[in-house]
Amino acid sequence: MELLRDYRFGQQQLIEIWGHACAIAVTKAFPLSSLNKKQPTLLVVCGPEQNGSIGLVCARHLRIFEYEPTIFYPKRSSQGLHQDFTVQCEKMDIPFLSYLPTEVQLLNDAYNLVIDAILGPETNNTEVKEPYAGMLVTLKQVKIPIVSVDMPSGWDVDEPAKDGINPEVLISLTAPKKCATKKYELNLPEFPGTECVIEL
């Protein structure tokens with residue numbers, strides 16, 4: 001909220017920055033040349049709030065980077081900004097799944113990895129409701145790597161949860177908030193050169 005209120009960032013601007021950084025992080029963790037399958041397929045699973053929008057922007061950038069994302073976005077937000085991001089993905093011919101297969105092997109066979117942009121820190125994870133509870137059950141069983149945006153879906157902000165996803169990669173979105181570094185005396189890592197993501 002402070003970035004929006006005090007530093008005059010716009011919500012669309014922030015989501016675009018974060019989505020782009022997530023896509024860059026995915027390309028660094030899973031370069032095209034490292035993928036096991038012939039096609040560079042990946043599944044981006046989006047929730048209804050901010051994390052879902054970040055997932056949509058991430059998918060759009062990954063498409064530009066020559067990956068082949070498919071999006072599962074079961075409860076589309078009515079907010080205009082979220083709808084804009086959805087249309088942008090559709091215009092780039094990124095396919096949307098109408099349902100998430102419960103047969104885990106279908107996901108393992110179809111995709112190289114899953115991007116978890118379902119439930120972010122703004123979500124109350126003590127009572128995860130459908131369709132998200134069922135989605136987490138399915139995704140916890142996949143054998144392909146999972147990349148979580150900001151925090152693994154199903155986790156509490158302060159501690160891991162038994163019902164949450166256990167990702168291979170977690171993309172933290174706190175580092176770009178460098179404008180607040182001085183005010184809060186944050187000890188953020190250095191970003192060399194023009195890098196917008198670093199591995200910790």
Side-chain angles (χ1 to χ4, degrees), residues 15-48 50-76 85-86 88-120 131-155 160 163-173 175 195-200:
I15 292 172
E16 187 68 33
I17 290 169
W18 289 329
H20 177 259
C22 287
I24 295 289
V26 170
T27 67
K28 287 180 176 292
F30 301 97
L32 286 168
S33 60
S34 73
L35 301 179
N36 293 327
K37 295 178 175 55
K38 187 175 180 181
Q39 302 299 322
T41 54
L42 45 87
L43 178 63
V44 184
V45 186
C46 298
Q50 180 173 279
N51 253 29
S53 288
I54 293 169
L56 293 169
V57 174
C58 177
R60 173 163 47 82
H61 284 290
L62 286 168
R63 184 79 176 87
I64 294 168
F65 299 151
E66 300 187 348
Y67 290 76
E68 295 181 12
T70 295
I71 296 170
F72 181 54
Y73 188 22
K75 292 183 76 172
R76 298 189 182 194
F85 290 135
T86 303
Q88 291 165 13
C89 290
E90 290 171 340
K91 294 292 187 186
M92 291 190 72
D93 295 324
I94 299 174
F96 282 73
L97 290 181
S98 57
Y99 70 96
L100 185 70
T102 53
E103 293 182 44
V104 176
Q105 195 57 45
L106 291 176
L107 299 174
N108 293 335
D109 292 343
Y111 304 106
N112 290 280
L113 61 124
V114 175
I115 297 174
D116 156 33
I118 307 169
L119 306 175
Y132 306 108
M135 290 160 55
L136 295 186
V137 169
T138 298
L139 293 177
K140 280 168 56 180
Q141 300 176 64
V142 298
K143 300 299 183 191
I144 54 177
I146 294 179
V147 177
S148 287
V149 173
D150 213 13
M151 64 179 281
S153 291
W155 286 32
D163 297 327
I165 288 174
N166 188 23
E168 186 165 315
V169 174
L170 173 61
I171 302 172
S172 170
L173 300 178
E195 291 287 345
C196 65
V197 297
I198 58 168
E199 182 178 353
L200 297 178

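- By the side chain to side chain contact (heavy atoms under 4.5 Å, CB included) test, P48 pairs with Y132, sequence neighbours left out.
- Counting only heavy atoms from C-beta outward, the side chains of D150 and I54 never approach each other to under 4.5 Å.
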Quiz item: What's the verdict on side chain to side chain contact (heavy atoms under 4.5 Å, CB included) for L119 and N51, showing C-alpha distance, side-chain angles and the deciding distance?
Solution: CA-CA 6 Å; L119 306 175; N51 253 29; over 6 Å; no
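- Using a 4.5 Å cut-off on side-chain heavy atoms (C-beta onward), I146 and V169 make no contact.
- Once rounded to the nearest 0.5 Å, the distance linking CH2 of W18 with CD of Q50 reads 5.0 Å.
- The main-chain N or O of V149 is never found under 3.5 Å from a side-chain atom of D116 such that the two would form a donor-acceptor pair.
- Residues passing the side chain to side chain contact (heavy atoms under 4.5 Å, CB included) test with P95 are T70, sequence neighbours excluded.
- Annotation: cation-pi geometry satisfied between R76 and F96 (NZ/CZ under 6.0 angstrom from ring centroid, within 45° of ring axis).
- I94 CD1 to I71 CD1: the interatomic distance, rounded to the nearest 0.5 Å, is 5.0 Å.
- Nearest heavy atom pair, residue F65 against residue A23, reads CE1-CB, 3.9 Å.
- The side chain to side chain contact (heavy atoms under 4.5 Å, CB included) check on A133 picks up V128, E130, with sequence neighbours excluded.
- Considering only heavy atoms from C-beta on, L139 comes within 4.5 Å of I118 through its side chain.
- The two atoms that bring I165 and P167 nearest to each other are O-CD, 3.3 Å, heavy atoms only.
- Partners of T138 under the side chain to side chain contact (heavy atoms under 4.5 Å, CB included) rule, at least two apart in sequence or in another chain, are L100, T102, V104, L107.
- Separation of atoms SG (C89) and CG (L62) is listed at 10.0 Å; rounding is to 0.5 Å.
- For the residue pair G52 and C46, the shortest heavy atom distance occurs at O-SG, 3.5 Å.
- No salt bridge links R63 with E90; every basic N to acidic carboxylate O contact stays at or beyond 4.0 Å.
- Taking CD of E168 as the reference point, atom CD1 of I144 lies at 10.5 Å (rounded to 0.5 Å).
- Proximity of P145 to F30: side-chain heavy atoms (C-beta onward) are separated by under 4.5 Å at one or more points.
- A59 and P69 make their closest contact through O-CG, 3.5 Å (heavy atoms, listed as atom of the first residue, atom of the second, distance).
- Counting heavy atoms from C-beta outward, Y67 and H61 have side chains that stay 4.5 Å or more apart.
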Distance-only criterion, 3.5 Å: show the donor-acceptor pairs between side-chain atoms of residues 37-45 and protein atoms not counting sequence neighbours.
{"residue": "K37", "atom": "NZ", "partner": "N108", "partner atom": "O", "Å": "2.9"}
{"residue": "K37", "atom": "NZ", "partner": "Y111", "partner atom": "O", "Å": "3.1"}
{"residue": "T41", "atom": "OG1", "partner": "A110", "partner atom": "O", "Å": "2.7"}
{"residue": "T41", "atom": "OG1", "partner": "N112", "partner atom": "ND2", "Å": "3.4"}

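- Using a 4.5 Å heavy-atom cutoff, the side chains of V147 and I171 are in contact.
- Counting heavy atoms from C-beta on, the side chains of S153 and L136 come closer than 4.5 Å.
- Partners of E68 by salt bridge (charged side-chain N to carboxylate O under 4.0 Å, His left out), not counting sequence neighbours: none found.
- Contact annotation: the side chain of K91 never approaches that of R60 to less than 4.5 Å [non-hydrogen atoms, C-beta and beyond].
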